[in-house]
2 protein chains.
Amino acid sequence: MARPSRFDVDQLLDAAVRLAAAGGPPAVTMSAVAQAVGAPSGSVYHRFPGRPALLAEVWLRTVESFQAGYMAVLDAESDPRRAARAAARHVVAWSRRHPAEATLLFYGAADFGRADWSEEHTRRADEGNERVFASLGALADALGATDARGRERIALALVDLPLTVIRRHLRAGTELPPYAEDLAEECAAALVG
Amino acid sequence: MARPSRFDVDQLLDAAVRLAAAGGPPAVTMSAVAQAVGAPSGSVYHRFPGRPALLAEVWLRTVESFQAGYMAVLDAESDPRRAARAAARHVVAWSRRHPAEATLLFYGAADFGRADWSEEHTRRADEGNERVFASLGALADALGATDARGRERIALALVDLPLTVIRRHLRAGTELPPYAEDLAEECAAALVG
DNA sequence: CATTAATTGGAGAGCAGTCTCCATTACCCG
DNA sequence: CGGGTAATGGAGACTGCTCTCCAATTAATG
């Protein structure tokens, strides 16, 4: 029906992810993305109404991809202790497979301009978080963690700590060692008790 | 000898810390700092040769203040297990006392424009890190952690994990609960073994 | 009181990035 | 083969930030 597109949304988002991983969210400028794929800036504005929308999509696509895999792992295992270990491993394995995307996770939605997002984008972000929060809460119950402190300890063990293992190496610029998955799993197990 | 200054370095850095905590490093513009203290932009350039130097000083003053207190705690206690617990507690206690500064720790030197820093600033950053790394290495030895993996686990327990406890709440916007110090200490103990 | 030196105060040049606008291009369909 | 449609390609207005420059101000000093 019309002229075929040379630049599709995912191609632009991929470039944006690379830029963000290399230089942080501020490096994701409309012109930089355009230049990265060899397009004029007008083409970027054809796909995204503005920079806030582009940043929101970069963030949401990354986080939702991470969360989808994470929750799949949580739900696949019925024994809570084994689910906990698998979850911790998964975080590291996912980051190993998606290094640029993992880098983005160490920023927050705020760094991607959440304040300027559309209501729709904000809602998507909140819903994703709530879903993970709910799954994690159910697992915490199964593990006998009843109060806020116990739940926090579970969240630390299954999400934050594995991510931190990655972060140490990204920060230092050293390569992720082969034992990273084991380390995350064994630390998670130690914290879950 | 001369006209007295209305705006001193620390006053400008304090404002910069507040801006960075609220809006991330990109929010620390020369004009924003000037406006925050009620000065014209020229006055900021009188104290700092440019934005890279300002960002470097903001980062280094914060990190060095954190590291000084941290190493004092590590050195004050000779029993390694007690030192470990005290260190974890200290990270949380320091962050509670310095919420804005703690927020900055979740960025990296790269986000504060390390690539544009002077050689002097880069050196200061590296030296601080090496000192902490050395102290932590000594403690790891005392705890019987010999290989890279064991050392990494110690670092996770004594630095990254306590910081992560803070980060969860800063991200979510919830207040730091009173049990945070205990939680960090008990998690660190569990990881140190 | 005049000199001197450090500092303020602010105007504005230059630049980078966002976003608008619209002519042009290329494909699909009847 | 020509009309309709979706996309490109790029020029340029506008905005906000960095940084320069220099006159005006203020206090200590001899």
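Both backbone and side-chain heavy atoms feed into the values below; hydrogens, waters and symmetry mates do not. Everything numeric here is computed off the predicted structure, so don't read it as measured data. First the proteins, then the strands, lettered A, B, ... as listed; each starts at 1.
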Look at atom [atom1] of [X] and say whether more than 12 heavy atoms of other residues, nucleotides or ligands are closer to it than 6.0 Å.
| X | atom1 | value |
| --- | --- | --- |
| A/Arg171 | CZ | yes |
| A/Gln35 | CD | no |
| B/Glu175 | CD | no |
| A/Gln11 | CD | yes |

Atom pairs, N/O to N/O, protein against nucleotides 22-24 of chain C, distance under 3.5 Å?
none

Looking at DNA chain C, which of residues 38-60 of chain A put a heavy atom within less than 4.0 Å of it?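 Listed by number, they are A/Ser41, A/Tyr45, A/Gly50, A/Arg51.
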Among residues 22-33 of chain B, which contact DNA chain C at a heavy-atom distance under 4.0 Å? none
Are [X] and [Y] within salt-bridge range, i.e. N to O under 4.0 Å?
| X | Y | value |
| --- | --- | --- |
| B/Glu127 | B/Arg123 | yes |
| B/Arg61 | B/Asp14 | yes |
| B/Asp126 | B/Arg131 | no |

Roughly what angle, to 10°, lies between the helix axis at the start of the helix from C/dC1-D/dG30 to C/dG30-D/dC1 and the one at its end, five pairs per end? 0°
side-chain contact (heavy atoms from CB on, under 4.5 Å) involving A/Val9 - partner list, sequence neighbours excluded: A/Leu13, A/Arg47, A/Phe48
Within the 4.5 Å heavy-atom criterion, are B/Glu64 and B/Arg124 side-chain neighbours or not? yes
Of all the heavy-atom pairs spanning A/Cys187 and B/Leu156, show the shortest one and how long it is. SG-CD1, 4.4 Å
Please collect all salt bridge (charged side-chain N to carboxylate O under 4.0 Å, His left out) contacts where either partner lies in residues 183-193 of chain B, sequence neighbours excluded, each pair once.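 Residue pairs with at least one partner in residues 183-193 of chain B: A/Arg149-B/Glu186, A/Arg153-B/Glu186, B/Arg85-B/Glu185, B/Arg89-B/Glu185.
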Atom CG of A/Leu12 to atom C1' of D/dA7: distance rounded to whole Å?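 So the two atoms are 13 Å apart, to the nearest Å.
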Could you tell me how far apart B/Asp8 (CG) and C/dA6 (C1') are, to the nearest whole angstrom?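 Those two atoms, CG and C1', are 15 Å apart.
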Establish, from distance only, whether the side-chain atoms of A/Ser41 and A/Ser31 form a donor-acceptor pair under 3.5 Å.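 Not at all, the side chains of A/Ser41 and A/Ser31 share no donor-acceptor pair under 3.5 Å.
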With a 6.0 Å cut-off on the ring centroids, do B/Trp94 and B/Tyr70 count as close? no
Counting just side-chain N and O atoms, does B/Arg6 come under 4.0 Å of either OP1 or OP2 of C/dG9?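 The answer is yes; a side-chain N or O of B/Arg6 sits under 4.0 Å from OP1 or OP2.
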So if I take every side-chain heavy atom of B/Pro4 and compare against D/dT8, C/dG9, D/dT26, which nucleotide ends up nearest?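 In terms of side-chain proximity for B/Pro4, the closest of D/dT8, C/dG9, D/dT26 is D/dT26.
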